[in-house]
Amino acid sequence: MNLQQLRYVVATAEHRTMTDAARSLYIAQPALSRAIRDLERELGMTLFARSGRGVVVTAQGRRVVKLAKEALEAVSEIEALATHTHSGGGELRIASPPTLEPGLAGRLLPAYVADHPGVRVQIVRSDGRDGVVHAIREQRADLGLTDLPVPADLVSHPLERQEIVLISPPGLDLPDTVPMIRLNGMRLILPPPGSARRREFDQLFATYGVRPVVAAETDERGAWPSLVRTASASLLWYRGTAEQAVKAGLVVRSLDPPLRRIVALVHARRRLPVVAQDFLTLAEKGRAI
């Protein structure tokens, strides 16, 4: 048994057809079929059973596939460790929505880069929590910074609680701390209908029995500050973006009762690259919760 055979097993299990698996491996389909049959003879067990035009993993095969994935991940980790040790470099990809990027760039990244000057850090800008989840699932990012909850197939490491504040255009007759009931009838900028973020807002409004007026519906967070002025509407955003809002001439107010969301680093349920492990260790040392 060798690493190539393990890759063949994993690819076949993931694609469920020999043709698709062979295409993903850039080999001919007959060559893949022979390699799988040779491995089955070597192991003395059937890993895949035919089902229509595809294959299904047998009970024994599921165990072999699981171990093969673990072995390949271990090899990748060893290779990454060797690269990291010899070059002192590497690349770390972190997915983040614009709302959390200031905290990432302002606190975590400077401390990490100071300790790991040879590592190139790439921020994968993502559209909200869903974008972060997709970036990790599609392996475009090693880690993601987002608020919770996230799907169960991801691992989360809570870092801090961030306050949700009301950001409004100047001139509104509102107290410094706004009771939630005052959101009733208020013009708000909200995420699009049907989005996960919008469902959370709708649930929040239902909890407090308020019905705001929808002034605009968009997930283009970069456009939100200008929309506050042009649409004469308010929005709910993180306290971490308050400085940006104040610079834009907007007014930031707390809510009563206060709203907070847990912000976490998240990743797939697999071994992390060494550079990602180092970043996670640093972040957890400084976490506020």
Side-chain angles (χ1 to χ4, degrees), residues 1-84 90-96 122 124-146 149-156 194-196 265-277 280:
M1 185 190 309
N2 54 47
L3 288 177
Q4 188 177 57
Q5 288 175 310
L6 296 183
R7 293 189 179 96
Y8 289 172
V9 168
V10 172
T12 303
E14 290 177 344
H15 290 85
R16 298 302 178 96
T17 72
M18 289 290 184
T19 301
D20 290 343
R23 187 178 297 117
S24 72
L25 294 164
Y26 299 99
I27 63 172
Q29 185 268 325
L32 175 61
S33 297
R34 285 196 301 272
I36 294 294
R37 287 197 301 269
D38 290 344
L39 180 59
E40 288 178 327
R41 283 195 295 269
E42 180 183 342
L43 297 176
M45 62 180 69
T46 301
L47 305 179
F48 300 99
R50 290 198 172 277
S51 176
R53 295 183 178 180
V55 295
V56 294
V57 188
T58 65
Q60 289 179 315
R62 283 195 294 272
R63 178 62 176 162
V64 172
V65 170
K66 179 178 182 296
L67 292 172
K69 287 182 178 179
E70 292 175 354
L72 291 173
E73 288 172 359
V75 170
S76 295
E77 186 175 354
I78 292 170
E79 291 173 344
L81 179 59
T83 301
H84 182 68
E91 181 182 48
L92 172 63
R93 301 165 302 163
I94 306 174
S96 174
Q122 176 190 358
V124 181
R125 290 180 176 167
S126 307
D127 188 10
R129 183 192 308 146
D130 289 346
V132 171
V133 171
H134 290 322
I136 293 174
R137 285 176 172 170
E138 294 168 3
Q139 299 185 27
R140 291 184 289 109
D142 306 299
L143 297 170
L145 185 68
T146 183
V150 292
D153 62 314
L154 300 185
V155 180
S156 60
S195 65
L265 279 171
V266 300
H267 59 83
R269 291 185 179 277
R270 58 183 177 82
R271 287 184 177 89
L272 288 173
V274 174
V275 290
Q277 291 179 19
L280 185 58

Those residues that, when tested against Glu70, pass side chain to side chain donor-acceptor pair (under 3.5 Å) (two or more places apart):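 Only Lys66 meet the side chain to side chain donor-acceptor pair (under 3.5 Å) criterion with Glu70.
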What pairs with Gln122 under side chain to side chain donor-acceptor pair (under 3.5 Å), at least two apart in sequence or on another chain?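 Here no residue qualifies.
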List the residues meeting side-chain contact (heavy atoms from CB on, under 4.5 Å) with [X], not counting sequence neighbours, and say none if there are none.
X: Ala11; result: His15, Ala21, Ser24, Leu25
X: Arg269; result: Val155
X: Ala59; result: Arg62

Enumerate donor-acceptor pairs with a distance under 3.5 Å from any side-chain N or O in residues 31-45 to protein atoms, sequence neighbours excluded.
{"unit_1": "Ser33", "atom_1": "OG", "unit_2": "Gln29", "atom_2": "O", "d": "3.2"}
{"unit_1": "Ser33", "atom_1": "OG", "unit_2": "Gln29", "atom_2": "NE2", "d": "2.7"}
{"unit_1": "Asp38", "atom_1": "OD1", "unit_2": "Arg41", "atom_2": "NH2", "d": "2.3"}
{"unit_1": "Glu40", "atom_1": "OE2", "unit_2": "Leu47", "atom_2": "N", "d": "2.8"}
{"unit_1": "Glu40", "atom_1": "OE2", "unit_2": "Phe48", "atom_2": "N", "d": "3.2"}
{"unit_1": "Glu42", "atom_1": "OE2", "unit_2": "Met1", "atom_2": "N", "d": "2.7"}

Out of curiosity, Arg271 CZ to Lys69 NZ, how far, rounded to the nearest 0.5 Å?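 NZ of Lys69 is found 13.5 Å from CZ of Arg271.
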Hey, could you give me the CD1/CG distance between Ile136 and Leu143, rounded to the nearest 0.5 Å?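 Atom-to-atom, Ile136:CD1 and Leu143:CG are 7.0 Å apart.
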Applying salt bridge (charged side-chain N to carboxylate O under 4.0 Å, His left out), can you list everything that pairs with [X], at least two apart in sequence or on another chain?
X: Arg23; value: Asp20
X: Glu138; value: Arg140
X: Arg270; value: none
X: Arg137; value: Asp153

Does a side-chain heavy-atom distance below 4.5 Å link Asp142 with His267?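 Of all side-chain heavy-atom pairs linking His267 with Asp142, none is under 4.5 Å.
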Do Val9 and Gln5 come close enough that some side-chain heavy atom pair is under 4.5 Å?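 No. Closest side-chain heavy atoms not under 4.5 Å.
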Counting distance only, does the side-chain N/O of Thr58 pair as donor-acceptor with the main-chain N or O of Thr46 below 3.5 Å?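 Side chain of Thr58 to backbone of Thr46, a donor-acceptor pair under 3.5 Å: yes, one is there.
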Backbone N/O of Val124 and side chain of Ser126: donor-acceptor pair under 3.5 Å: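 Yes.
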